[in-house]
Amino acid sequence: MIARRRNWLILGAAVLLFVAVATWRLALLPGPLAFAGGTQVDLTDYRGPSPAGVPAELANADPIAKGQYLTQAADCAACHTAKGGKPFAGGRPFKLPFGTIYTPNITPDRETGIGAWTDAEFLRAVHKGIGRGGERLYPAFPYASYTLLTDDDVLAIRRYLSTISPVRQANKPLGFSFPFNQRWLMTFWSAFFNPGHRFRPVQERSAQWNRGAYLVEAAEHCGECHTPRTIMQAMNTRQKFAGGQAEGWNAYNISSDRLSGIGAWSAQDLAQYLAKGHAPGHGVASGPMGEAVELSTSKLTPSDIAAMVTYLQSVPAVHTKASPRMAGPAPTLASAGPTNNPVGKRIFEGACASCHAWNGRGAITAEQQLTGNRAVNDATAANVAMMILNGIGSPEHQGAFMPSFRASYSDAEIAAAANYVTARFGAKPSRVTAEDVRKMRAQ
């Protein structure tokens, strides 16, 4: 009897220890620059040019121009503009596992926007995730990254926003069910996962590296999409930049892993991708990344893009099995390739081959290349199907463009086309279903 009780006590202690360790790992995550080593210092103690603010090229610009640049760097327009809506007027839906959240109006309208907010209230929202009325904001608003922005930069953004046209558009109600609609719960989330301090450069790193870190981690908040989430919906910085999801799209590995990340990309490739949304042999930015390029990174100066590249290339490699080795060249003949998907082949022949070519190398421009494209070599084919549904870019803007086929084909046909593309040009055939595409349409 005593031995049995002792065994139960040992088992209970082991379970408690396991729970404690698991909780510790979930709650205490490495900081965004922990991988870099060295000494992080407050900006006031940093021996070098400040990594915050605008680049040297804009040092003599007027305050509104500086605020506009920082607003673009923070990619505010992408989230706070609904499809077909007025810029910064909000209303864009984000469908999460526990409901739908809508972005708020941040135009200077005094009733429905932020026109009546004080600077202190704006700073509190951006840094702490607390709204004007004291309500807790959800981390779909990336305040865990924006908290690294300096007060001066946040207020410069506010000054710029005060100059845009006010739009009277009421904010949409939260679409979360109980208990996720209890905003006060975000108090605990923030206590663990919001760093709550401004950017602290690494003294031993170069000025360019620290500028890149400030842009990537704070302003551009790249990790919010490109880092996997824990069950607590915090960025799992133990797998920094190993890939995540955004609005139904896969946000791929951007660590320095040569196979599944961007380790094999040259600095020129990365710079061109951030500036133009396309790098030869690597594919085209689409979905949320396409928006980020169009509205944000393409607006950055060459020196800031170079700084981002320097920082990104320093992030340690994290290998992800979901991104296999790229497939080799595809056959040139239409009759070659997969033979078990006649519907997919018919759609590719009628709607795709004239631009992408049967060998996938692009019939007219490099942007049309399918071979070597990470999305095409992704066995989930999520991004391929999303591209067929939504298209890429628009005829009015420079860069890659592909029309949406959402209204042209059924869910089953789009699934068949995506599966044909991955089988012909990718490393592994996908198995997208009509039901998968139906869910994608709802994103």
Side-chain angles (χ1 to χ4, degrees), residues 32 35-36 75 205-206 208-209 211-213 215-217 219-228 239-244 246 249-294 296-330 360-362 365-379 383-384 387 392-393 399-400 425-427:
F35 74 91
D75 202 15
R205 295 281 184 162
S206 69
Q208 185 182 54
W209 185 93
R211 174 62 176 175
L215 290 168
V216 170
E217 300 291 352
E220 295 287 352
H221 54 279
C222 303
E224 298 281 350
C225 290
H226 289 280
T227 296
Q239 293 183 290
K240 186 177 180 67
F241 292 174
W249 296 75
N250 286 334
Y252 293 117
N253 187 332
I254 57 169
S255 77
S256 57
D257 184 70
R258 293 186 62 83
L259 179 61
S260 58
I262 57 173
W265 292 43
S266 69
Q268 182 179 356
D269 288 339
L270 283 169
Q272 180 168 333
Y273 190 84
L274 292 171
K276 305 292 185 181
H278 169 255
H282 295 294
V284 173
S286 53
M289 188 63 209
E291 286 184 325
V293 170
E294 179 185 342
S296 184
T297 59
S298 66
K299 310 295 184 184
L300 300 181
T301 62
S303 67
D304 270 355
I305 288 178
M308 289 182 65
V309 170
T310 295
Y311 177 74
L312 286 169
Q313 290 186 316
S314 76
V315 175
V318 180
H319 181 69
T320 47
K321 295 180 180 179
S323 299
R325 185 179 300 278
M326 297 287 186
R361 302 189 69 173
T365 69
E367 286 89 344
Q368 297 166 337
Q369 183 173 337
L370 294 176
T371 52
N373 187 311
R374 174 60 68 197
V376 175
N377 286 269
D378 175 1
N383 289 13
V384 173
M387 281 187 272
I392 302 173
F425 306 108

Problem set entry | side-chain hydrogen bond (donor to acceptor under 3.5 Å, both in side chains) against Tyr311, all qualifying residues, sequence neighbours excluded | Glu217

For this session: Take Ser286 and Trp249 through the test side chain to side chain contact (heavy atoms under 4.5 Å, CB included) and record every step on the way to the result.
Result: CA-CA 9 Å; Ser286 53; Trp249 296 75; 3.4 Å; yes

Exercise. If we only count heavy atoms from C-beta on, is the Met308 to Leu300 side-chain gap below 4.5 Å?
Worked result: yes

For this session: Could you go through the side chain to side chain contact (heavy atoms under 4.5 Å, CB included) check for Arg374 and Met326 one step at a time?
Result: CA-CA 7 Å; Arg374 174 60 68 197; Met326 297 287 186; 3.5 Å; yes

For this session: Please round to the nearest 0.5 Å and tell me the distance separating atom CG of Leu274 and atom CG of Leu312.
Result: 7.0 Å

Problem set entry | Chi angles and distances behind the side-chain hydrogen bond (donor to acceptor under 3.5 Å, both in side chains) call for Thr297, Glu220 | CA-CA 8 Å; Thr297 59; Glu220 295 287 352; 5.8 Å; no

Exercise. Distance-only, no hydrogens or angles: does the Asp269 side chain make a donor-acceptor pair with backbone N or O of Ser266 under 3.5 Å?
Worked result: yes

Exercise. What distance do Ile254 atom CD1 and Lys240 atom NZ have between them, rounded to the nearest 0.5 Å?
Worked result: 8.5 Å

Exercise. Atom CD of Gln272 and atom CD1 of Ile305: how far apart are they, to the nearest 0.5 Å?
Worked result: 10.5 Å

For this session: Please round to the nearest 0.5 Å and tell me the distance separating atom CZ of Arg258 and atom NE2 of His319.
Result: 13.5 Å

Exercise. Can you name the nearest heavy-atom pair linking Pro288 to Ala246, along with the distance?
Worked result: CG-O, 3.7 Å

For this session: Using atom types as modelled and distance alone, determine if a side-chain donor or acceptor of Ser298 lies under 3.5 Å from a backbone N or O of Lys276.
Result: no

Problem set entry | side chain to side chain contact (heavy atoms under 4.5 Å, CB included) between Glu367 and Ile392, intermediate numbers included | CA-CA 11 Å; Glu367 286 89 344; Ile392 302 173; over 6 Å; no

For this session: Rounded to the nearest 0.5 Å, what's the gap from CH2 on Trp209 to OG1 on Thr310? Could you check?
Result: 11.0 Å

Problem set entry | For Tyr273, the option from Met289, Gln268, His278 that meets side chain to side chain contact (heavy atoms under 4.5 Å, CB included) | Met289

Exercise. Roughly how far, to the nearest 0.5 Å, is CD of Gln239 from NE2 of His226?
Worked result: 15.5 Å

Exercise. Who passes ring-ring contact (aromatic ring centres under 6.0 Å, His included) against Phe425, sequence neighbours left out?
Worked result: Phe348

Problem set entry | Asn377 side chain vs Ala427 backbone, donor-acceptor pair below 3.5 Å | yes

For this session: For Thr320 and Asp257, run side chain to side chain contact (heavy atoms under 4.5 Å, CB included): C-alpha distance rounded to whole Å, both residues' side-chain angles, the deciding distance at 0.1 Å, then the answer.
Result: CA-CA 9 Å; Thr320 47; Asp257 184 70; 5.9 Å; no

Exercise. Does the Ser255 side chain pair with the main chain of Val318, one donor and one acceptor, at a distance under 3.5 Å?
Worked result: yes

For this session: Provide the closest heavy-atom pair for Phe241 versus Val216 in the form atom of the first, atom of the second, distance.
Result: CZ-CG1, 3.7 Å

Problem set entry | Parallel, tilted or perpendicular, as decided by the 30° and 60° cut-offs, for the rings of Trp265 and His282 | parallel

For this session: With the side chain counted from C-beta on, respond yes when Ser303 and Arg211 share a heavy-atom pair under 4.5 Å apart, and no when they do not.
Result: no

Exercise. With distance as the sole test, does Asn250 use its side chain to make a donor-acceptor pair with the main-chain N or O of Tyr252 at under 3.5 Å?
Worked result: no

Problem set entry | Donor-acceptor under 3.5 Å (Ser256 side chain, Gln313 main chain) | no

